[in-house]
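Below is one structure. I have some questions about it.
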Amino acid sequence: MKRKALVIFSVFTVALLLSCSRSKDVEEVKPTPEVPTLPGDVEALRYVFDIEALPEIVLEVTTAQWNTLLSNFDTNPQNEEYIMANYLFTKTGKEAKIDSVGIRIRGNTSRRRPEGAHGEAHNGINPSWHHAHFAINFKKYVKSKRFNTLQKINLKWFKDDPTYSREVYCYDLFERYGIWTAPKSSYVRLTIKIKEDGKAAYFGVYQLVESVDEDYIANRKVGFGDTDGFLWKANYGADLRNADQSRMGVEDVKLDANLSKYFVYDLKTNDKRLAEAKAQLASFIQNFNAKAGADFQSWLQGQMDVQLFLKTYAVSVMVGMWDDYWGNSNNFYFYFNASGKFFFIPYDYDNTLGTSLIVGNSGTQDPTNWGKDSNPIVKKILSIPAYRSAYISYLNELANPSKDLFAFERSVPRIVRWQSMVSRYVANDTKEDNTIEDRPASWGNCGFYRLLSGDGAGGGTEANFFKTKIRSIPAN
């Protein structure tokens, strides 16, 4: 297949890329002292989630363990069983190796078998590799193990994003705009080595995403105020309107799907205090929906950092996120600190920037009338004039070309720089997603959107998402 020339490389960039090799000899070395490892150390997170670097992860797995992973998937694709692997992280010549970590397949509707077809064991002679999402759990077999303050990390392949940039861009924009609750994200090259095979499998460029868990809370203790509260994952149907406590619980996924337990609201921390957590969440939902007028505003100011929430949603709507709380009652976390304060945590932003569904056109849709009226958290807050005005001001600030945020002339150089960094490494042994192309997912309803070119018309053969979205913003 003839590769499309979609990224313009400078001489300097080409020289840098040509100086790198796709793989290097793997050898065990001691962790370098300049890599911080203390809990809550921001520099440790920056070292791992470095948006301007392309490190490599090598996972070494025995054939027996890999076959267990495959057979577990065949038994129940939604299973969360781990297998044992060795982990090597290499960045700018420095290596950190952790033996005996847990890995598993992850994802919701995007889960895939990483090799072969149903019922097939590993083929060491002629393997048929497939992209899949993975979770790495450093403490699975040894509770004290961490990788730079992290107990877990997630590896996502760029499913339905031929630009290799959408979710990376969104999390970077959250960080640029001071949304400290957003997970961190960056790029990495992934290699899987079946120990008994002669050749490792290069899986290509992946997205490295911070796991939202106890260490995520600990690394943001200053913002949350403590680490003793309740972290919830919100699954499909999480409208924050129905306070039925039977929808709340601790997810328990078994190999036998019939024995698995799923909840709309899945408690992720302090599960021994489940009854207390359920009562707190039910009370929050009831109060938010029942209170009105001055009583609601007074309660809300003590219950949430409203400005942080509005800034979070300004970013979310600007990038065209429709598969979230407001749009699809889905894909977010939230945390109640020990004082009962509610923090919204944005999550899962791969279907954005012109990959549009649910809404008619994510580029032209009114940002003040974005999602479901039945989901109260955003609509009820925006019904207060001062908060609506603040939300619109945040949208306009994001669009301001004098700030290095969402404007076309600000966004494009970042995307081109990232594509330049990874483009040489996207071709991989799965034979999937081997090229970078400027288009949205094929299943979306607005296939005309582009990131690097196009006009602001929001339709036709080639429209630019950034230019179009900015035109949809109300004036201050």
Side-chain angles (χ1 to χ4, degrees), residues 4-14 16-17 50-53 158 161-179 182 185-187 207 311-321 346 349-356 361-367 370 391-423 436-440 444 446-476:
K4 298 182 180 180
L6 294 166
V7 181
I8 300 174
F9 294 89
S10 68
V11 173
F12 178 69
T13 303
V14 171
L16 280 178
L17 292 176
D50 182 352
I51 199 66
E52 304 301 337
F158 285 86
D161 181 18
T163 73
Y164 273 78
S165 67
R166 281 184 165 83
E167 189 166 26
V168 171
Y169 174 92
C170 293
Y171 284 140
D172 179 67
L173 185 61
F174 276 122
E175 185 167 355
R176 286 172 182 272
Y177 203 43
I179 312 301
S185 171
S186 56
Y187 291 99
Q207 183 189 355
K311 291 184 72 174
T312 301
Y313 246 98
V315 173
S316 192
V317 172
M318 283 293 277
V319 300
M321 174 54 156
Y349 277 71
D350 46 359
N351 296 325
T352 54
L353 299 179
T355 291
S356 179
N361 183 323
S362 61
T364 60
Q365 180 79 11
D366 179 1
W370 177 255
Y391 172 68
I392 292 173
S393 74
Y394 294 143
L395 292 169
N396 279 277
E397 186 175 27
L398 285 164
N400 189 337
S402 70
K403 299 179 181 295
D404 195 9
L405 296 168
F406 183 81
F408 170 83
E409 54 268 51
R410 295 293 194 163
S411 296
V412 167
R414 298 200 296 271
I415 294 172
V416 169
R417 186 169 69 250
W418 297 331
Q419 290 178 333
S420 299
M421 180 176 69
V422 307
S423 63
I436 294 177
E437 300 178 37
D438 189 4
R439 58 177 176 81
C446 293
F448 46 78
Y449 274 123
R450 302 292 180 264
L451 301 185
L452 306 183
S453 62
D455 57 31
T461 57
E462 189 175 284
N464 183 267
F465 183 79
F466 299 107
K467 295 177 181 178
T468 300
K469 192 66 195 173
I470 285 173
R471 291 179 63 179
S472 75
I473 301 171
N476 280 320

Q. Aromatic ring centroids of Phe174 and Tyr349 under 6.0 Å?
A.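 For Phe174 and Tyr349, the ring centres are under 6.0 Å apart.
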Q. Going from CZ on Arg414 to CD on Gln419, what distance comes out if it is rounded to the nearest 0.5 angstrom?
A.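 Reported to 0.5 Å precision, the distance equals 13.0 Å.
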Q) Do Phe408 and Val412 have side-chain heavy atoms sitting under 4.5 Å apart? A) yes
Q. Where do Leu451 and Asn464 come nearest, in terms of heavy atoms and distance?
A.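 Residues Leu451 and Asn464, closest heavy atoms: O-ND2, 3.0 Å.
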Q. Can you name the side-chain hydrogen bond (donor to acceptor under 3.5 Å, both in side chains) partners of Arg176, sequence neighbours left out?
A. Asp172, Asp404
**Q.** Counterpart residues, side-chain hydrogen bond (donor to acceptor under 3.5 Å, both in side chains), relative to Thr468 (two or more places apart)
**A.** none
**Q.** salt bridge (charged side-chain N to carboxylate O under 4.0 Å, His left out): pairs with one or both residues in residues 454-476, sequence neighbours excluded
**A.**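 Sorted pair list comes back empty.
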Q. For Ser356 and Ser362, which heavy atoms make the closest approach, and how far apart are they?
A. OG-N, 3.1 Å
Q) What's the verdict on side chain to side chain donor-acceptor pair (under 3.5 Å) for Tyr164 and Gln207, showing C-alpha distance, side-chain angles and the deciding distance? A) CA-CA 9 Å; Tyr164 273 78; Gln207 183 189 355; over 6 Å; no
Q) Are the charged groups of Asp350 and Arg166 less than 4.0 angstrom apart, N to O? A)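 No salt bridge links Asp350 with Arg166.
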Q) Excluding sequence neighbours, so at least two apart, what forms ring pair (Phe, Tyr, Trp, His ring centres under 6.0 Å) with Phe466? A) Tyr169, Phe406
Q: Tell me, please, which residues at least two apart from Tyr391 pass ring pair (Phe, Tyr, Trp, His ring centres under 6.0 Å).
A: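 For Tyr391, no residue satisfies ring pair (Phe, Tyr, Trp, His ring centres under 6.0 Å) once neighbours in sequence are set aside.
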Q) Can we say Arg417 and Glu52 salt-bridge, meaning some charged N sits less than 4.0 Å from an Asp/Glu carboxylate O? A) yes
Q | Non-neighbouring partners of Thr352 that pass side-chain hydrogen bond (donor to acceptor under 3.5 Å, both in side chains), sequence neighbours left out | A |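 If we apply the side-chain hydrogen bond (donor to acceptor under 3.5 Å, both in side chains) test to Thr352, skipping adjacent residues, there are no hits.
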Q. How long is the span from the CH2 atom in Trp418 to the CD1 atom in Ile436, to the nearest 0.5 Å?
A. 13.0 Å
